[in-house]
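The next block holds one structure in the form of structure tokens; read it before the comments.
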Amino acid sequence: MKRVTEYLKSLLLLELAAGLWVTLKYLFKPKYTLRFPMETIPRSVRFRGLHALRRYPNGEERCIACKLCEAVCPALAITIDSAPRASDGQRRTTRYDIDLFKCIYCGFCEESCPVDSIVLTDILEYHMERRGENVITKPQLLAMGDRFEKSIAANRAQDAAYR
Amino acid sequence: MADSIDQAGEIRSYTMNFGPQHPAAHGVLRLVMEMEGETIIRIDPHVGLLHRGTEKLAESKPFNHSIGYMDRLDYVSMMCNEHAYVRAIEQLVGVTPPERALWIRTLFDEVTRILNHLMWIGSNALDLGAMAVFLYAFREREELMDVYEAVSGTRMHATYYRPGGVYRDLPAKMIQYKESRWHKGKDLKRMNAWREGSMLDYLEAFARDFQHKVDEYEELLTDNRIWKQRTVDIGIVSPEQAYALGMTGPMLRGSGIEWDLRKKQPYAKYAEVDFDIPVGTHGDCYDRYLVRVNEMRQSGRIILQCVDWLKKNPGPVMIENYKVAPPKREDMKESMEALIHWFKLFTEGFSVPAGETYAAVEAPKGEFGCYMISDGANKPFRVHLRAPGFAHLSSINETTAGHMLPDVVAMIGTYDLVFGEVDR
Amino acid sequence: MSMSSDPMILLWTLAKILVIAVPLIIAVAMYVWWERKVIGWMHVRMGPNKIGPFGLLQAFADVTKLLIKEIIIPTNANRFLYFTAPLLAVIPALAVWAIIPFDNGAVLSNANAGVLFLLAMTSLGVYGIILAGWASNSRYALLGAMRSAAQMISYEICMGMALVCVLILAGSLNFTAIVEAQAGGKGLFDWFWLPLLPMFFVYYISGVAETNRLPFDVAEGESEIVAGFHVEYSGSAFALFFLAEYANMILLSFLAPILFLGGWLSPFQGWHLGWFSQPGWWWLFLKFFIFATSLIWLRATFPRYRYDQIMRLGWKVFIPISIAWIFVAGLFKYFNVVTIGH
């Protein structure tokens, strides 16, 4: 009897029909994909995207050129030169370059930074058009920080309990 | 074609180059095949096209700097690779992470296993022509990657496991979709239905629903006569052969050998969770397919148990040994000693007592091991990574010669090759 | 009809050819769009949705892209054959439309030997594929061509046998006559699918195999031999193969209703439901749409057969069934079991 039913099942292509039924059901279901440039998937507050250098609320840059990020960077993507600032003699970076091609976005730089200066923002859509643009410089990083300070601060505040 | 006919006019077998640019090559596999018509006489895998020297690179960096590179070995089972590396360090240093960290590791090892098996079922089915499974599997992958992102901040290369625990505790809030022109009101509510609570609530909802999703994949494939014709009796590996060829993971279990490091040499919290090891009987592609599908279901079970424990037991996720793990950020800002530890740890890492160790985890593809020698410095003297894919790929001539060209594709699918780990 | 003596007839025929060929090419473009859309929906995606409303202009954008792309000729390819092959594939695929009726009388050539012309033209298409595979000077292309040749020849037999069954019942090689033979008072139960049910399936599945569609697309076998016979083709030469394949799919979706499902006859014929019982071209196009969509559905769902398994299915399953059913059809005819026409 079992063999007969099995034979009939195979003759009637039942298992193929079951597969077709699955795809047919999905034809009418709401779609999972999003219209990407116009809407995006949710982004975590811990997201590790493009880098930025932050400032204190009074406009002073946070970075004190301790070079911890440079030391911890596994990909050796960060290059820092430092010198006393001309105006007040404080130790500051004269050069802060990040090579985005080398960076592996591990987040160690942000983790190590004692003054919360270098951060990884939640920006992941960026591109370069010319050779050399992959190295972002200090003014660019500070500009990034100025521009996105609000979201950077909000994300850090939300995750503060876990840091 | 001229070279396949010799002077006597006799037709010899011809060679065909499969990859490294080939839709079914899963990256950069290059096979040189000696063929007679569609039948394969001999098959010769060429590896090394994705060699990045990870092992050598690890020798040049303090121990904790190389975690990020472990993600990039088998880039579809990221945290499992980290786990092996981090465990090797912990064994040498002699620290044990807090219990909660071990549970989190168990949880994420299983999340990773599902991620990997989803990738496998999708690409194996796509290689054999079934496109639907691929996209359904990627939908679920997307959901699990949101979990990765929620805890670590990246969707793939997490750098989440650290010697002595994990990077940060699980977030209390799951990330949610935002309103847009196309998704608002009820629709948005449906999309965020699982995301209202914590990340653990989300994972629980996912794990419960996932069994139905696996049912769907099975409906599309398991009984399908075309799928069976393409996989049953293809690439049979006998138990003896499987041992001899150094196979591990589903490749070994598909041949009927019940060997799983999670049971045989439990690590993390595997001794405390309840799950079964699915085994095959015949050792063909179809059996390995069934084994992996079943493993996905078992992983769902383990996830539920981990979620249950983690919900009930809050606690630290990182040891308070400042030689290995950094102090809390707030402490660093307040205390001089913490600041010194902070600077010491992030500049020169930590020194590991001289010795050697081997730590292996049951990665989704098989036994992923890390053999580490320390000479007492802050950098490893030598790191060797035992990638399961490499052993599997080297058996391709034994398993596939005599089959036809489309079966090679089925075999590559069932090997579940990822060249990040094969070439290292 | 002597064409040279009457230029008006020649012009009229040319006009009719254009009236069929231009919408056909547009139909191919829209069919590609519909395929991508349906497959997308079945895969919980959205499909093309950026170019034009609902992505409707996507296919035209793709055509434009293909036409302005460079055609790369492989070294040591046989240039003459390399460029002849796409033409050989596309010409029969378009020529066969001469004998397809869209309604009673709406046909370019109401040839009495229509079925023979159909068989001849569909068999010619395989030469384009074989030549493309050989002329490309690539082993992947050659393998694709060999597979394609073997597959097409074996499934041509089943398809021919299925046609023979229809011929026996209808008693004519003329497509219009075949459709009219399915008229009657019992609605859709007067159509040939009922007495020829196994042949209907054999015809449909052979048709899928003949057009190289999943689950029988080993000639292209994207994940095995990359793109099979047209792996070395690019630009407009590739576009011609593409056009031929989709024109053949549309043809199959027209032929199955014409031969087995009453063409333009209403499924409620003879049931006196007013407009619903009237025959008309819209019925044919509705049936065509269902068949065309079903081809997409198959592609969205199934894995691909292996080449030797397809051969086994063709020779060991379909051909015996076909031969047996020709005998059965003969018995039907002899004992007048099936009513033919009104």
Side-chain angles (χ1 to χ4, degrees), chain A residues 9-10 13-23 25-26 29-35 38-49 66-76 103-116 120 122 124 155-156 158-163, chain B residues 57 61-62 64-69 71-72 130 132 135-136 139 142 146 149-154 157 159 167-178 180-183 187 190-192 195 216 219-226 326 328-330 332-333 339 342-343 345-349:
Chain A
K9 263 188 194 163
S10 131
L13 312 171
L14 281 186
E15 92 285 354
L16 294 181
L20 287 170
W21 178 244
V22 172
T23 42
K25 261 193 320 202
Y26 275 113
K29 281 204 180 159
K31 305 299 166 246
Y32 190 78
T33 43
L34 302 176
R35 289 160 175 82
M38 287 87 88
E39 49 178 349
T40 54
I41 52 166
R43 205 159 297 161
S44 157
V45 293
R46 295 178 185 178
F47 194 86
R48 308 202 299 248
C66 73
K67 300 194 183 183
L68 214 48
C69 48
E70 191 184 27
V72 83
C73 182
L76 311 181
C103 177
I104 60 168
Y105 302 90
C106 61
F108 283 173
C109 47
E110 177 178 354
E111 216 181 317
S112 65
C113 185
V115 290
D116 303 279
L120 294 172
D122 59 2
L124 54 80
N155 283 348
R156 298 295 167 291
Q158 270 195 56
D159 211 37
Y162 305 103
R163 278 146 71 84
Chain B
L57 203 60
K61 294 181 193 311
N64 50 354
H65 286 190
S66 302
I67 302 169
Y69 289 108
D71 289 319
R72 287 154 175 84
L135 285 139
Y136 297 161
R139 175 191 51 189
E142 211 52 39
D146 279 354
E149 190 185 326
V151 298
S152 74
T154 45
H157 302 307
T159 331
Y167 171 42
R168 288 180 196 178
D169 203 352
L170 310 172
K173 244 176 78 189
M174 186 61 196
I175 41 181
Q176 294 190 345
Y177 283 100
K178 293 205 177 64
S180 73
R181 240 176 79 201
W182 299 275
H183 298 286
D187 198 28
R190 173 187 59 78
M191 290 165 74
N192 279 332
R195 297 166 183 265
E216 267 173 12
E219 223 158 290
L220 282 166
L221 298 177
T222 303
D223 285 334
N224 189 308
R225 65 189 63 194
I226 307 173
K328 277 272 194 200
R329 185 162 275 271
E330 272 129 67
M332 177 268 292
K333 306 236 175 182
L339 190 67
W342 187 277
F343 267 74
L345 188 70
F346 282 118
T347 46
E348 60 173 35

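Computation of the quantities below employed the complete heavy-atom set of this structure, encompassing side-chain atoms and omitting hydrogens, waters and symmetry-equivalent molecules.
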(Q) Checking side chain to side chain contact (heavy atoms under 4.5 Å, CB included) between A/Pro42 and each of B/Arg195, B/Gln176, B/Met191, B/Lys178, which is the one that passes? (A) B/Arg195
Q) Measuring from B/Met332:CE to A/Cys113:SG, what's the distance to the nearest 0.5 Å? A) 8.0 Å
(Q) Taking B/Ser152's backbone N and O only, do any of them form a donor-acceptor pair with A/Arg48's side chain (distance below 3.5 Å, no angle check)? (A) yes
Q: Answer yes or no: is there a side-chain heavy-atom contact under 4.5 Å between A/Glu39 and B/His183?
A: yes
Q.
Report which part of A/Asp116 has an atom under 4.5 Å of a heavy atom belonging to chain B: side chain, backbone, both, or neither.
A. both
Q | Separation between CG of A/Leu68 and CH2 of B/Trp342, rounded to the nearest 0.5 Å | A | 8.5 Å
Q) Can you tell me how far the NZ atom of A/Lys25 sits from the CD atom of B/Glu219, to the nearest 0.5 Å? A) 6.0 Å
Q.
Do B/Phe343 and A/Pro114 make a side-chain contact, defined as non-hydrogen atoms from C-beta onward lying under 4.5 Å apart?
A. yes
(Q) Any heavy-atom pair between the side chains of A/Tyr26 and B/Arg139 that's under 4.5 Å? (A) yes
Q | Per-residue contact mode, A/Glu111 against chain B (heavy atom under 4.5 angstrom) | A | both
Q. Once you round to the nearest 0.5 Å, how far does CG of A/Asp159 lie from CZ of B/Arg168?
A. 4.5 Å
Q. Does B/Thr159 reach the side chain of A/Phe108, with side-chain heavy atoms less than 4.5 Å apart?
A. yes
Q: Please tell me if the side chains of B/Arg72 and A/Ile104 come closer than 4.5 Å, counting only heavy atoms from C-beta onward.
A: yes
Q: Taking the side chain as every heavy atom from C-beta outward, state whether A/Val72 and B/Thr347 have any atom pair closer than 4.5 Å.
A: no
Q) What's the shortest heavy-atom distance between A/Arg46 and B/Val151, and which atoms? A) NH1-O, 2.6 Å
Q: Check whether any side-chain heavy atom of B/Ser180 sits under 4.5 Å from a side-chain heavy atom of A/Arg35, and report yes or no.
A: no
Q: Counting only heavy atoms closer than 4.5 Å, note whether B/Leu221 contacts chain A via side chain, backbone, both or neither.
A: neither
Q.
Quick check for you: to the nearest 0.5 Å, what is the distance between A/Cys73 atom SG and B/Lys61 atom NZ?
A. 8.0 Å
**Q.** Least distance between heavy atoms, A/Glu15 atom then B/Asp223 atom
**A.** CG-O, 3.0 Å
